[in-house]
2 protein chains.
Amino acid sequence: MSVESLSALDRSTLRERSLEALRAAILSGRYRPGDHLGEVELAGSLGVSRGTVREALRHLQQEGLVTAGTRGMLRVNSLTPAEVHELFRVRAALEALAVREVVASPRREAAAAALREAVEQLSDEADPAARMEADLAFHLQLCRLSGNSMLVEAWQRLEGRMRVAILNGADWQAPMMARERHVPIVEAIERGDAEAAVRVVDDHMSDAAEHFAAASRPA
Amino acid sequence: MSVESLSALDRSTLRERSLEALRAAILSGRYRPGDHLGEVELAGSLGVSRGTVREALRHLQQEGLVTAGTRGMLRVNSLTPAEVHELFRVRAALEALAVREVVASPRREAAAAALREAVEQLSDEADPAARMEADLAFHLQLCRLSGNSMLVEAWQRLEGRMRVAILNGADWQAPMMARERHVPIVEAIERGDAEAAVRVVDDHMSDAAEHFAAASRPA
DNA sequence: CCGCTGTCGACTGTCGCCAGTCCACACCGG
DNA sequence: CCGGTGTGGACTGGCGACAGTCGACAGCGG
C-alpha cells in the first residue's frame, strides 16, 4: 500500500520522481491490474500533493500502464492475449523498419558493433527483471541505431505496454530473452542481409507474442 | 429532455476543452513554431486556471505538438526535413502492417467497402483543412479496419506530428491527398493483393515525405 | 420483503496562491 | 568604456482548498 518515500536530494523534479516511483510500483506488481489508483492515497504515500501525482498519473495513462475507468478514475491496466499479439505485431513492424535502416546506413559497421555489445549484456544476469531490462535495452538500441528519431519515439511509446505484457508472462526462464535469440539479428545485419534480419526479428516477435499472450491473465 | 441533452453535452471537462482549443490554435497557425506558450497567458486567454492549462500543455507535449525548452518552458514544435522523412517512413511501416492485416482479415470485403466510403470523402472539399482531415481520416480508418488496437494507438500518437508536418507544407493544392492517390490502395485490398497495396502505400508515403519535407522550414 | 429516496462519504475537477529559479538589464567600481 | 553585480520581473514547480458529482447505504413507505 505504501510506496517508498521520495528523497529530496535528487535534482530532478518531484513530478519525474513521482512518475518513476509510480511506474516502478506498478511494474513491480505492488499494484495489480484493475487496482484503483486514488490521487489522495498516492499523494499521501508519495509525500507530494495531489496535483503532482495527477500529472504523473496522466503520463502513465498515456504510456498505457494506467487506464481511465468510471468517472475519470484510474486503474492499473492489463492486456488481453489478443492485445499482446497486436502489440508484438506492431513492434515487429517497427523493428523491421529499424533493421532495414540500420543495414542501409553507412554506419552499419559501428551499429553492428554496438549491437554486439548490447547482446553481451543479455544473459549474464540471473535476475529476471534485469534480463527484461537488457532485452528491452537491446531492442531500443536497435531502434536508436536506425537514426530515425520518430521510430525511437514510437517504439518507446509501446515500451510501457510491453513491460505490462512481459510482466504478466509468468515464465521468466523462457529462452525468449536469451542471447541466442538475438545473435542472428546482429549477424544478419553484419552480413548486410536486411531481409534475413527482418525474418529473424519477425520470428522472434511471433514467439514472444505467443509466449506472453498465453501467460497473460484475463483481467 | 432538453436539460438532459444539455448536461450530456456539457460532460466534457474544462481540461479537454482547453486541450482542443490549444490544439486548434496551434494547428491553425495562430501560434507559430518556436513561439513560447506561457501558462499564465494561456490561462488568461482560455479563461481557466494555470493547472488546467498545464495538463493540456503536457498532453500536447506528449502528442508532439509542443516541446520543452529551457527551464521547462514549452514552445510550439516544428519538424526538420529529416524528421519529416523519418516520420513518414514510420507511418509507412505502420500502414503497411495495416493493409496486410486488413487483407488477411475475414472481414476484408466490409473493410474495402468502408475504405471506398472514406475515399469518397476525399476531394469534394476545396477547403485545404478539410482535405487534410479527410486524408488523415482515410488513413486512420485503414488502421482501424486492421482491428489492431495497438496499431491504431501507435498511429494516433504520430498524428499530431503529421499535422505539424503537413501544416508546414505550403502547397495544399498538391495532389497528395487526391482521390486518385488512394483508390489504388483500396483496389489492391479488394483484389487481396497485400504486397501491391503495401507498395502503393509506400510510394504514397515517400511522395508525401518528399513534398512536406521540402516545404518544412528550418525553425 | 421490496423498492424508492435522502443523506453521507469519497473521489476527481478546478482554482488561487506561494516559493524557487533563471534572465535581462540597469548600476556601479575599475 | 568595460566588466562584475545585484536587483526586479517573469515564469514554472508545487501545494492546499473548495466545488461538483457519483456510488453506497440506511431508512421509510408500500
Side-chain angles (χ1 to χ4, degrees), chain A residues 1-23 25-26 31-63 65-77, chain B residues 3-23 25-26 31-63 65-77:
Chain A
M1 206 51 79
S2 70
V3 182
E4 60 273 6
S5 298
L6 304 167
S7 69
L9 296 167
D10 201 319
R11 213 156 310 200
S12 61
T13 66
L14 273 182
R15 189 186 103 250
E16 289 166 355
R17 268 175 293 170
S18 303
L19 180 62
E20 282 302 321
L22 274 178
R23 187 159 32 208
I26 294 175
Y31 295 105
R32 295 305 193 80
D35 279 2
H36 167 53
L37 297 176
E39 295 177 358
V40 283
E41 174 196 337
L42 294 176
S45 58
L46 288 169
V48 297
S49 82
R50 265 188 61 219
T52 305
V53 289
R54 205 182 161 82
E55 291 196 31
L57 283 173
R58 287 267 136 77
H59 200 102
L60 258 42
Q61 186 179 3
Q62 295 209 328
E63 282 185 23
L65 269 75
V66 147
T67 186
T70 150
R71 218 174 87 225
M73 289 193 184
L74 298 178
R75 51 186 222 283
V76 178
N77 200 6
Chain B
V3 179
E4 285 181 358
S5 62
L6 274 177
S7 65
L9 289 175
D10 201 21
R11 282 295 162 82
S12 73
T13 66
L14 271 182
R15 179 177 60 87
E16 288 166 356
R17 263 175 293 175
S18 303
L19 180 63
E20 283 301 322
L22 273 178
R23 189 159 30 209
I26 294 175
Y31 295 106
R32 295 305 190 84
D35 279 2
H36 167 54
L37 298 176
E39 295 178 357
V40 284
E41 174 198 339
L42 295 175
S45 63
L46 288 172
V48 296
S49 82
R50 266 188 59 218
T52 306
V53 171
R54 250 204 5 230
E55 290 197 33
L57 284 173
R58 289 267 138 78
H59 201 101
L60 257 42
Q61 185 179 4
Q62 296 210 325
E63 280 185 24
L65 270 76
V66 148
T67 187
T70 80
R71 221 173 86 228
M73 289 194 183
L74 298 178
R75 51 186 222 282
V76 178
N77 200 5

Encode nucleotides 7-16 of chain C as B, S and - characters from 5' to 3', where the letter depends on protein heavy atoms closer than 4.0 Å: B to the base, S only to sugar-phosphate, - to neither.
---BBBBBB-
Derivation and outcome, salt bridge (Lys or Arg N to Asp or Glu O under 4.0 Å), residues Glu20(A) and Arg17(A)
CA-CA 5 Å; Glu20(A) 282 302 321; Arg17(A) 268 175 293 170; over 6 Å; no
Pairing residues for Arg58(A) by the side-chain contact (heavy atoms from CB on, under 4.5 Å) criterion, not counting sequence neighbours:
Arg54(A), Gln61(A), Arg15(B), Glu55(B)
Side chain to side chain contact (heavy atoms under 4.5 Å, CB included) between Leu46(A) and Leu14(A), intermediate numbers included
CA-CA 10 Å; Leu46(A) 288 169; Leu14(A) 273 182; over 6 Å; no
Could you give me the CA-CA distance, side-chain angles and deciding distance for Tyr31(B) and Val66(B), then say whether side chain to side chain contact (heavy atoms under 4.5 Å, CB included) is met?
CA-CA 11 Å; Tyr31(B) 295 106; Val66(B) 148; over 6 Å; no
Tell me, with the steps shown, if Leu37(B) and Leu60(B) meet side chain to side chain contact (heavy atoms under 4.5 Å, CB included).
CA-CA 11 Å; Leu37(B) 298 176; Leu60(B) 257 42; 5.6 Å; no
